[in-house]
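What follows is a set of notes on a single structure, which appears directly below.
In what follows, every chain begins at residue 1, and chains take the letters A, B, ... in the order their sequences are listed.
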Protein chains: 2
Amino acid sequence: MVLDLMHDHDNLTENDCKMTVGIKDVARAAGVSVATVSRALGGGPVSDELRKKVEAAVAATGYLPNLSARRLRSQHSHTIGLIVSDIRNPFFTAVSRAVEDAAYAVGMRVILCNTDENPQKEAMYLRLMQEERVTGVIFAPTRATAQKLDPHQLGFPVVLIDRAAPPGQTDAVVLDNAEAASLLVEHLLAQGYRRIGGLFGNTSTTGAERHAGVVAAMQQHGLQAEARFIAPTPEAAEQAVRDWLHEPVQPEALIASNGLVLLGMLRGARAAGVSIPAQLALAGFDNDNWTELAGPGLTVIEQPVYDIGRTAMKMLLERLEDPARSARKVVLSGKLIARGSTAQHMAAPAGQDAAQH
Amino acid sequence: MVLDLMHDHDNLTENDCKMTVGIKDVARAAGVSVATVSRALGGGPVSDELRKKVEAAVAATGYLPNLSARRLRSQHSHTIGLIVSDIRNPFFTAVSRAVEDAAYAVGMRVILCNTDENPQKEAMYLRLMQEERVTGVIFAPTRATAQKLDPHQLGFPVVLIDRAAPPGQTDAVVLDNAEAASLLVEHLLAQGYRRIGGLFGNTSTTGAERHAGVVAAMQQHGLQAEARFIAPTPEAAEQAVRDWLHEPVQPEALIASNGLVLLGMLRGARAAGVSIPAQLALAGFDNDNWTELAGPGLTVIEQPVYDIGRTAMKMLLERLEDPARSARKVVLSGKLIARGSTAQHMAAPAGQDAAQH
DNA sequence: GATGGCATTGAAAACGATTACATAATTGCT
DNA sequence: AGCAATTATGTAATCGTTTTCAATGCCATC
C-alpha cells in the first residue's frame, strides 16, 4: 500500500500548489472514493484494508478536516453557547471551566459570551447562537430576559444556571437559595446578631430569592431584615456599605448576595474603619479563594460550582436526547462555612439567646 | 413592496414546512436573485430599491444567516482561539475578558481552551484550531511547546501572551519580568530583608524569567537568592512552603512567581503558624482582588491584565493585515504595589540599610 | 448614432464535507 | 441451486452561502 501512495507522486507535487488538502485529495491518494474516506474517518462501515489505506493517505497528505464544511453538511454544530454576565465573576469562572471540560469530553466546542447583565447584549448573543446553529446553550440570564425567554422559539435547548425562569418552562440547575439564606441567618442569630441587613443584586432572580430567603428566615424568629438592592458589582456594594455606615442606625451584621458584593462590602467596611466582626459581622455567598484569607476569614455559603457546570452540561445532553421530556430543575445545596467574620457577637444583649452559650 | 411580499403567500405557508429559511427563500420572497440577497446582506452594490425589498423579506421570513455555510464559502472563520493553562487563574480570566471584548468588537468569535500546562493538550487544541480554520490564535504555551512552535507550519498567526518564545519567531506580549522582579527585590531589600527566597513555576518561561530577574537583582547587591521550582498551583506552593518552614535555615522573605503560587504560599505560611510579615514577608505577582484584603495586604506586582489581552488582540489583527512583517514583542511594565506583607523588617540587623530609615 | 465604461443584476459554479441512492459482491437460507 | 438479505463501495446530490462571470441597461463621449 506504500506503493499505492508512491506511484501517483504527481499528486503529491500537485498538493504543494493547492491551498489546502481536502477529502478529495485523500481519496485520490488512497485510490478510493470520497465517500469511503468520509466513512473511514467517521467510523462508518469500511473494510479493514481500505481503512488502512485511507489512514495512510491521511498521514501522507497531512489532511485536516474542515469543521465548517462538516457542520454545514451534517447539520450538527457540535457547539454550545455559554452566556454569563462576566467571566471574571469567580462563580462563573469555575462554572465555565466545568462546562468546558464536560463539553470537550463529548467532542463539543464552547462559545463564551459576557453580557454584563445587559438585556440588549443577551438578546444579541442569543441571536448569534441561532446563527451559529448551536446545539444548545447554557445561560445565566437577567430577570428581564428570563421572563420573556421561550426556548421553543429559539430553536435550541437552553439550560439555565444560577438563575431560574418561570417554573416548568426551562431546564435549570440552581442553588437552594431559601435553604442557603436560612443557613446564614440561623448562623448569625446563633452567634448573637439581631440587627441583620443585606445587600442583594438587583438584576437576577437569584438576588431576589436570596433576599426572600433571608426575610423568611428572620420572620421565623419574629425579626425583620433590612435589605437593599444594588447592581451586583464590588463598586456598588462598597458604596452602599459606606453610605449605610454613615446612617444613624447601623446593622450588626450584613449579608451579601454573591461573591462580588461580598468583596465590595469588605472594602467598604475597611474604608469606613469598622472592625470585623466586632463592629460589623459579614457573611455572604461563594467560597472564593480569598474569603478564607481576608481579614478574620469570611463566613460564606459554598456553592458546588464545578458540579453546577457539569450538571448543566449533563442536563443539556439529556435534553438533546429527549427533547420532549418535561422541564426539570435541579436544586443543589450550599454548605455553610463559618469563619471569623461572624464570630460570637460580643456586644449582644446578655438577655436573649446569648444566654444559651 | 408590501404587496410583493403578500402576493406569493403560498411561499409563506411553504415556510412552515421547511426546517429553516435560507437565503433562497428570502430571494423568492423579495422577488430577486440569491446573489442580490447575499450582496444586500453583505454590503455589496445593490440599489436602494432592492435593498429595501430584501430587508423587508428578511424580516418577513425571519431569516437567520447560517454562519457555517458563510465560513465555508468565504473561507473566513471570523474565529480566534485563546489557549491558556486554566481560565480559573485570575490572570487568564482577566486577559480572556479583554480578548473577548476586543474580538466581539470586530465581529469575531473566541474559542477558549484550557491546557492545564499539559503539552499533549496543547498539541490537541492547536490541531483543533487548524480544523476550525481559525483566523488566529492567542496562546500561553508551556516552555516545552514554545520551543518547538512553528507558526508557519500551523497555517494561522499566533500571538503569545505572558510567555515568550525563542526571539524573533513569534509575536508576543509579555511583562517585563526582569524589571518587575527587580522592583520586588529592591523593595524587599529596602524594607530590610536579606535572606530572600522564591517559589517559581516550572512549566513556563515566565517562571524562569522571573527567577532570573530575582537572581540578577540580588547579585547586584552581592546577595544570593534561594529559589525552588514547583508546579504553578496553590497546592504545590502550599506544600513547598510548609516543607521549607520545617527546615533549619529559613528565609526572611519569599517571592511567588504568580498569583496562584502566592495564594498557596499564604496558605502554607498560615498553616505553619508564622506571622506575616514579622516572621516571614511575602510578595508576588498578580494584583488579584484578594491580595489587598488578605492578612496585612500582600505586596505584589500588578500586571496590566486587560491591556495585555487587548494588545494581544490588536497585534493579531495587525499581523493579519501584514503577514510578512517581522515578529515583534511588546513588553509591558508591571507596577509595584507595596502592602503590609513586606512592612519594614523589624529583626533586621541595625547595621546596614536599616539605618537609612 | 454608435461605442466604451460603469453600475446593477442574475445564473451558475464553488466551498469541503456528508449522505441518499445505486451497484456489485458476498453471505445465508430454503 | 436460487433468491433474499447483507455488506462494502462508488456516484452524485446536497447543505447554505459567496463569488465569478456574463448580461443588461444607462450615460457620457467622440
Side-chain angles (χ1 to χ4, degrees), chain A residues 4 14-15 18-55 57-58 61-79 107 130-135 155, chain B residues 4 14-15 18-54 57-58 61-79 107 128 130-135 155:
Chain A
D4 286 25
E14 185 189 354
N15 277 342
K18 281 199 60 175
M19 285 308 292
T20 65
V21 9
I23 204 177
K24 228 164 175 169
D25 307 291
V26 176
R28 199 174 328 138
V32 301
S33 73
V34 292
T36 301
V37 175
S38 175
R39 280 188 278 255
L41 264 46
V46 179
S47 67
D48 279 356
E49 188 199 7
L50 290 194
R51 167 165 281 121
K52 287 239 169 62
K53 273 193 187 174
V54 169
E55 279 164 8
V58 164
T61 56
Y63 165 77
L64 285 167
N66 182 318
L67 295 187
S68 290
R70 191 172 276 182
R71 285 200 262 262
L72 171 59
R73 174 62 235 229
S74 71
Q75 304 284 55
H76 290 313
S77 67
H78 288 286
T79 299
Q130 296 183 291
E131 299 188 353
E132 291 276 4
R133 304 293 194 271
V134 293
T135 307
Chain B
D4 286 24
E14 184 189 356
N15 278 342
K18 282 199 59 176
M19 284 311 291
T20 66
V21 8
I23 206 178
K24 228 165 178 169
D25 307 290
V26 176
R28 200 174 327 140
V32 301
S33 73
V34 293
T36 300
V37 176
S38 175
R39 280 189 277 255
L41 265 43
V46 180
S47 67
D48 279 357
E49 189 197 8
L50 289 195
R51 169 166 278 119
K52 287 237 169 61
K53 273 192 187 176
V54 169
V58 164
T61 57
Y63 165 76
L64 285 167
N66 183 318
L67 295 188
S68 291
R70 192 171 275 180
R71 289 198 186 103
L72 171 59
R73 177 59 237 229
S74 70
Q75 304 283 57
H76 291 315
S77 67
H78 287 286
T79 299
L128 176 63
Q130 296 184 289
E131 300 188 355
E132 291 277 3
R133 304 294 194 271
V134 293
T135 308

Taking only side-chain N and O atoms of A:Q75, does any of them lie within less than 4.0 angstrom of OP1 or OP2 on D:dG16?
yes

Euclidean distance, atom NE2 of residue A:H78 to atom C1' of C:dA17 [Å, nearest integer]
13 Å

Run the side chain to side chain contact (heavy atoms under 4.5 Å, CB included) check on A:V32 and A:V54 step by step: do they pass?
CA-CA 8 Å; A:V32 301; A:V54 169; 4.1 Å; yes

Atom-pair distance (CG on A:L41; P on C:dT19), nearest Å:
13 Å

Would you please name every residue forming a side chain to side chain donor-acceptor pair (under 3.5 Å) with A:E131, sequence neighbours left out?
A:R127

Between B:R71 (CZ) and D:dT17 (P), how many Å, whole number?
13 Å

Would you mind classifying the nucleic acid contact of B:L64 as base, sugar-phosphate or nothing, using non-hydrogen atoms under 4.0 angstrom?
sugar-phosphate

Taking only residues two or more places apart in sequence, or in another chain, which ones meet B:S74 in a side chain to side chain contact (heavy atoms under 4.5 Å, CB included)?
B:H76

Residues two or more places apart in sequence or in another chain: which of them pass side chain to side chain contact (heavy atoms under 4.5 Å, CB included) with B:V34?
B:I23, B:K24, B:A27

Hey, does the side chain of A:Y63 come within less than 4.0 Å of C:dG16's phosphate (OP1/OP2), counting only N and O?
no

Expressed as a whole number of angstroms, how long is the span from B:L72:CG to C:dG16:C1'?
6 Å

May I have the distance from B:R133 (atom CZ) to C:dC15 (atom P), rounded to whole angstrom?
13 Å

Gap between atoms CG and C1', on A:N66 and D:dT17 respectively (whole Å):
14 Å

B:Q130 atom CD is separated from C:dG16 atom C1', nearest whole Å, by 17 Å

Applying side chain to side chain donor-acceptor pair (under 3.5 Å) to B:S38 and not counting sequence neighbours gives none

The side chain of B:R70 lies closest to which of these nucleotides: C:dT18, C:dC15, D:dT18?
D:dT18

N or O in side chain of B:S38 less than 4.0 angstrom from D:dT17 OP1/OP2
no

When the distance from CD of A:E132 to C1' of D:dC15 is rounded to whole Å, what number comes out?
16 Å

Between CG of B:L128 and CD of B:Q130, what distance do you get to the nearest 0.5 Å?
9.5 Å

side-chain contact (heavy atoms from CB on, under 4.5 Å) partner of A:Y63, the single match among A:T20, A:V21, A:D25:
A:V21

When the side chains of residues 64-73 of chain A are checked against the rest of the protein, which donor-acceptor pairs come out under 3.5 Å, sequence neighbours left out?
{"from": "A:N66", "atom 1": "OD1", "to": "A:S68", "atom 2": "N", "distance (Å)": "2.9"}
{"from": "A:N66", "atom 1": "OD1", "to": "A:A69", "atom 2": "N", "distance (Å)": "3.1"}
{"from": "A:R71", "atom 1": "NH1", "to": "A:S77", "atom 2": "O", "distance (Å)": "3.1"}
{"from": "A:R71", "atom 1": "NH2", "to": "B:E132", "atom 2": "OE1", "distance (Å)": "2.5"}
{"from": "A:R71", "atom 1": "NH2", "to": "B:E132", "atom 2": "OE2", "distance (Å)": "3.3"}

Between protein and nucleotides 8-14 of chain C, map the contacts as a letter string: B base, S sugar-phosphate only, - none, heavy atoms under 4.0 Å, written 5' to 3'.
SBBB-BB

Terminal axis angle for the helix from C:dG1-D:dC30 to C:dT30-D:dA1, five pairs an end, nearest 10 degrees:
40°

State the NZ-CG distance between A:K53 and A:D48, to the nearest 0.5 angstrom.
13.0 Å

At less than 4.0 Å, is any side-chain N or O atom of B:S74 found next to OP1 or OP2 of D:dT17? Yes or no.
no

